[in-house]
Structure formats: C-alpha cells, structure tokens
Protein chains: 2
Amino acid sequence: MNHQWAAKALSLNARKHLPPALFRGLTRREAHHIQRNFSENLFHPGEPVPRNPADAPFVALLLCGTLREDVRDAQGAWRLFALTFTGELLSPLGPSGSGGRLSALERTVLLTCDRTNFDALATEIPRLRLNLLHLMQGQIAETHRWQTLLGRKTASERVASMLEWFHVRQGERGKLVLPVNRAELGQMSGLTLETVSRQIRRLEKARIIALPQPSRVQVLNPTALHTLTGDAPAHRAA
Amino acid sequence: MNHQWAAKALSLNARKHLPPALFRGLTRREAHHIQRNFSENLFHPGEPVPRNPADAPFVALLLCGTLREDVRDAQGAWRLFALTFTGELLSPLGPSGSGGRLSALERTVLLTCDRTNFDALATEIPRLRLNLLHLMQGQIAETHRWQTLLGRKTASERVASMLEWFHVRQGERGKLVLPVNRAELGQMSGLTLETVSRQIRRLEKARIIALPQPSRVQVLNPTALHTLTGDAPAHRAA
DNA sequence: CGGAGGGTTGAAGTTTATCAAGTAGAGTGG
DNA sequence: CCACTCTACTTGATAAACTTCAACCCTCCG
C-alpha cells in the first residue's frame, strides 16, 4: 500500500504540518512503532472510501485531501452531511452505523489502523488511548457546533459560520476552496441553494470576502466574518 | 454511597427492566465483578450532577429518573440541550468539554464508574470495551437524528418527532410526561415556545394525542404521530 | 453553435418568529 | 373562602425570514 506518492505525503504532512493529535506526547520510538502499524491508503477524486462495519478502519487520519460524508434521508435520497479536511480525524464511530457513505473529493491519502491493531497498540501505549479520547471529544464539540448552527442561527450566520470554519480548517490561507456546490452547502446548513448563493453574494458585496471564482473564496475581513457568525459575544450594555 | 433506596432501584431496574447494553454478553460472574466496581449515586430534583473533567465518571448509566443537559450559547445564556431518560447511558465524552451542565429533573439514580476503574475493567473484559463502543455508536446515531430534525424538519415534524422519541424512550407507556416546559422544548428543537404550543395543540385537536394536563401527554394514535415526524418513508409513486 | 451544469437574481408564497393580550391552575395570605 | 399573584400556557395579529418558482447568465466543452 506504500505508494510513492502517499509516502511523500506522509513525510510532508504528517511529520511537518500536522500536529498529529493522535500521536501527541509520545516518544519518537513509540510514534515510530505506531506508524508501522498504520497503513496508508490513496483515493482518487470521487472514489468511495470503504467502511465495512467488520474490518472498518478504527481510526483514520487524513494526511491530505478532502472527504465528504453523505447520509440517506427518510426518503432515501443522499445528502451531504459533513466534510473532513486535511489533518482531521475520521470518526472512530463513524457513519457506518447510520448508513453513511464516504468518498474522496480530491486526491486523498488516509493513514488508517483497524480495530484489532489499534487495540493492541493502545494496550501497550496508554497515552494513545487518552489521545483518542481527546480526539473524540473534539468531534463531539464539532457536532455541538453544527447543532447550534442548525438550531439557532439565521441564514446569514450559517453561511458566515461555514465559511469561517472551512477557512480555519484549511489553515487560514489566503484563498479558501469550497469543495462542493451551493446545493450541497445548503444540505449541510439546512438552507436552499438560492439562500446560500444570496448570502455569499451579500458577503462579497460587503467586501468581507472576494469571489474570484464561485468556488474560490478570499477572506478579506476575518473579524467581520466572525462577527457575522453569531459566535462572537454580544456587546456589553453600557 | 449504597443508599437503601438506590439499591432497590438497582435490583428493580438494572436487573429486570433494563437491557443493560453495557453488560450484554457478559457472564454472570463478569457482570457481578463489574457491578462491584461501579458506584451508585442518588440525586434529588434540581440537584446538579458534578462532572469535573479530572475525576469525571467515565461511564454513567441512568438507573431511574431523568437528567437534563444545559449548554451555554454565545451570549452566555444557558439553554436546554438534551434529556437523558431511565436506562440510557450518559455520554462518556459528555458535555464537560463544551462547558455543559447536568442536573437531575426528578429523584435520579446513576450507576457510575470513573476512568481508571473502567480502564482496568475493560482490560480484563474485552467484551466490555465492545459494548461501550456500541453504546457510543448509538449516541452518534442520536446526534444524527437531532441534526436532521434541526436541519431539515418543519415545526410540526419537530414537535411530532420529539413527542415520539420521548414516548419510545419512556417505554411507550400510555401516558408520557414532558419533564420540561414549552420554552425548553423549543430550545431543544430550535423553535419558539409559542410555536411548540401551537403544534402540540394541533396534535391534540387532530386527536393524535390527548392532554389531560399540559405536561401529560397520552399518545392516542402512534401511527399518525409517526407519519407526522417526517421519518416515515414517503408513498411510492404509482 | 448548442447544451449542460452551476450560479445568480427577482417576485410571490409560506412558515415561523415576534409582539401582545388573555387564560388556567397552584399557591398564599387575609 | 376569596382575592391576589405567579407561572406556564394559549391564542391572535403582524412582520420577518426563508423557500419556491421562474428566468436568466456564465463558462466549459463537445
């Protein structure tokens, strides 16, 4: 499974860019031992990521690329549910139970480990178990943010929040890429594609973002964007 | 900590009513061993349930009673976020990270185990670890249901869904108790208290439920209720 | 050139929030 | 026992937000 390309990705990303929260606090020796028990998988754009409940990867770290997770609604239609960006962890609990479906949006490299191997490693290295717990807590926090977004935010706040989150999760580089179209942004945020479009244009007209292309966003005013997310604490009364 | 009353609850509920998913597939000997490492805690109505990140109970099973979980919003106000009913598991990941707050709504007995003890037990009994994983998957599924509710359902579907879920989780007895007021139902479902009230009355007028008291609900027509949740598959086209 | 897929925009329609008023029941003190 | 009060709940009118429907644009690509 050690593609040359993937190996390069590992050395570039996992060792340098990523603060691999899963490996935090481990000795170099332990980290090396662990990495030998993980395997790298390369996926091409559009390629589905298998997730049989049986031999499902217990943990999977995204070394590079982007994944989308789709779930079925009551009518059986697929809807975009979540995105996973480079450096993030795939839920150990995952969508396998809820009938979810994972696929790569770009050239994507995954560092995975199945349950049996991980169990063995975790027994040897208790710190690894703690790290996994922290990662899962982070995922709960993420879920909570989406629940707040869907339950209590206006359309404008939802779109601002999505853009801000993507921006942060893509590393706050100048240009942010929207890896999905307006309809799919709407599916994640509980809005129609028209409303998403209108809100994005509104941000552009307010000079908070620029749109060199419909799917390329440049964040011109991060502070203003954050204010519009609704997550900023309100002004204190005089 | 072994209150006489709590001990009674254990024998009544844990051994008879509950299918304690956490103890499934274990020998009587293992289950007994495990229960000696758990402790029972009694809480009175309104009493907060402590959850220090340090010695937080790693797992907690609700033997009887009801818990509410409140979280802070961006403005610092507390909002009802979720309810936990008898027989359900408290998230091992829990709201401690996200600044959540747990409290009892009635006389409530919790069967808890801290991280250290649970780790030791799980090392001895691998099946216990598997059971915990299944329980956590169930919680992810629950989260997904709420996300669908908040993201894609109408007010009428949201209220019908909440009532149906509470009904099922309370054991589908004739009478269902709403342990919180309309405003708090609204906080969970992303609606105003007025909308919640109107939708509940609409169900009453349609003879799908009866309301002997505002907080007592009798489900007269479970089928119709389910249809209104929006979770029923749509009619197939001819 | 023409078609397809995404994106944008406008007008009309629906749903839900907001504001405001009024009701019902439980508790309290005279 | 009767006001009085408090809280939760209900109901109506109005306003705002969002969806729906429809048209149109732009770019890519055969």
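Residue numbers start from 1 in every chain, and the chains themselves are labelled A, B, ... in the order their sequence lines are given, proteins ahead of strands.
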For R68(A), is there an ion pair with E184(A) - N to carboxylate O distance below 4.0 angstrom?
yes

Side-chain contact check for T195(A): nearest option of dA17(C), dT9(C), dT19(D) is dT19(D)

Do the side chains of D73(A) and K153(B) get close enough for a salt bridge, i.e. N-O under 4.0 angstrom?
no

For A155(A) and for E204(B), find the nucleotide of DNA chain D with the closest heavy atom, then tell me which residue's nucleotide is more 5'.
E204(B)

Under 4.0 Å between a Lys/Arg side-chain N and an Asp/Glu carboxylate O for R169(B) and E88(B)?
yes

When rounded to the nearest 0.5 angstrom, what distance separates CD in E157(B) from OG in S189(B)?
12.5 Å

Taking NZ from K153(A) and C1' from dA16(D), how many angstroms apart are they, rounded to a whole number?
20 Å

Any N/O pairs under 3.5 Å between the protein and nucleotides 21-30 of chain D? List them or say none.
from    : atom 1 : to      : atom 2 : distance (Å)
dC21(D) : N4     : E194(A) : OE2    : 3.2

By side chain to side chain contact (heavy atoms under 4.5 Å, CB included), R152(B) pairs with (sequence neighbours left out) R79(A)

Does the ring centre of W146(B) sit less than 6.0 Å away from the ring centre of W146(A)?
no

Closest to side chain of L193(B), choosing from dA17(C), dT9(C), dT10(D):
dT10(D)

Measuring from the side chain of T154(B) (C-beta onward, heavy atoms only), which nucleotide among dT10(D), dT8(C), dT16(C) has the closest atom?
dT16(C)

Could you state the CG-C1' distance from L185(B) to dT16(C), rounded to the nearest angstrom?
17 Å

Over how many whole Å does the gap from R182(A) atom CZ to dT19(D) atom C1' extend?
18 Å

Rounded to whole Å, the CD-C1' distance (Q199(B) to dT11(D)) equals 14 Å

Side chain of K205(A), heavy atoms from C-beta onward: which of dC9(D), dT9(C), dT16(C) has the nearest atom to it?
dT9(C)

Distance in angstrom units between R216(B) CZ and dA8(D) P, rounded
17 Å

Looking at CD of Q218(B) and CG of L176(B), how far apart are the two atoms once the value is rounded to the nearest 0.5 Å?
10.0 Å

Gap between atoms CD and P, on E157(B) and dT15(C) respectively (whole Å):
12 Å

E184(B) has an atom CD; how far is it from atom C1' of dA8(D), in whole Å?
11 Å

Scan G190(A) against the nucleic acid and name what it touches under 4.0 Å (heavy atoms): base, sugar-phosphate only, or nothing.
sugar-phosphate

Interatomic distance where CD belongs to Q213(A) and C1' belongs to dG5(C) [whole Å]:
15 Å

Need to verify one output field. Residue with the more 5' nearest nucleotide on DNA chain D, V180(B) or T192(A)?
V180(B)

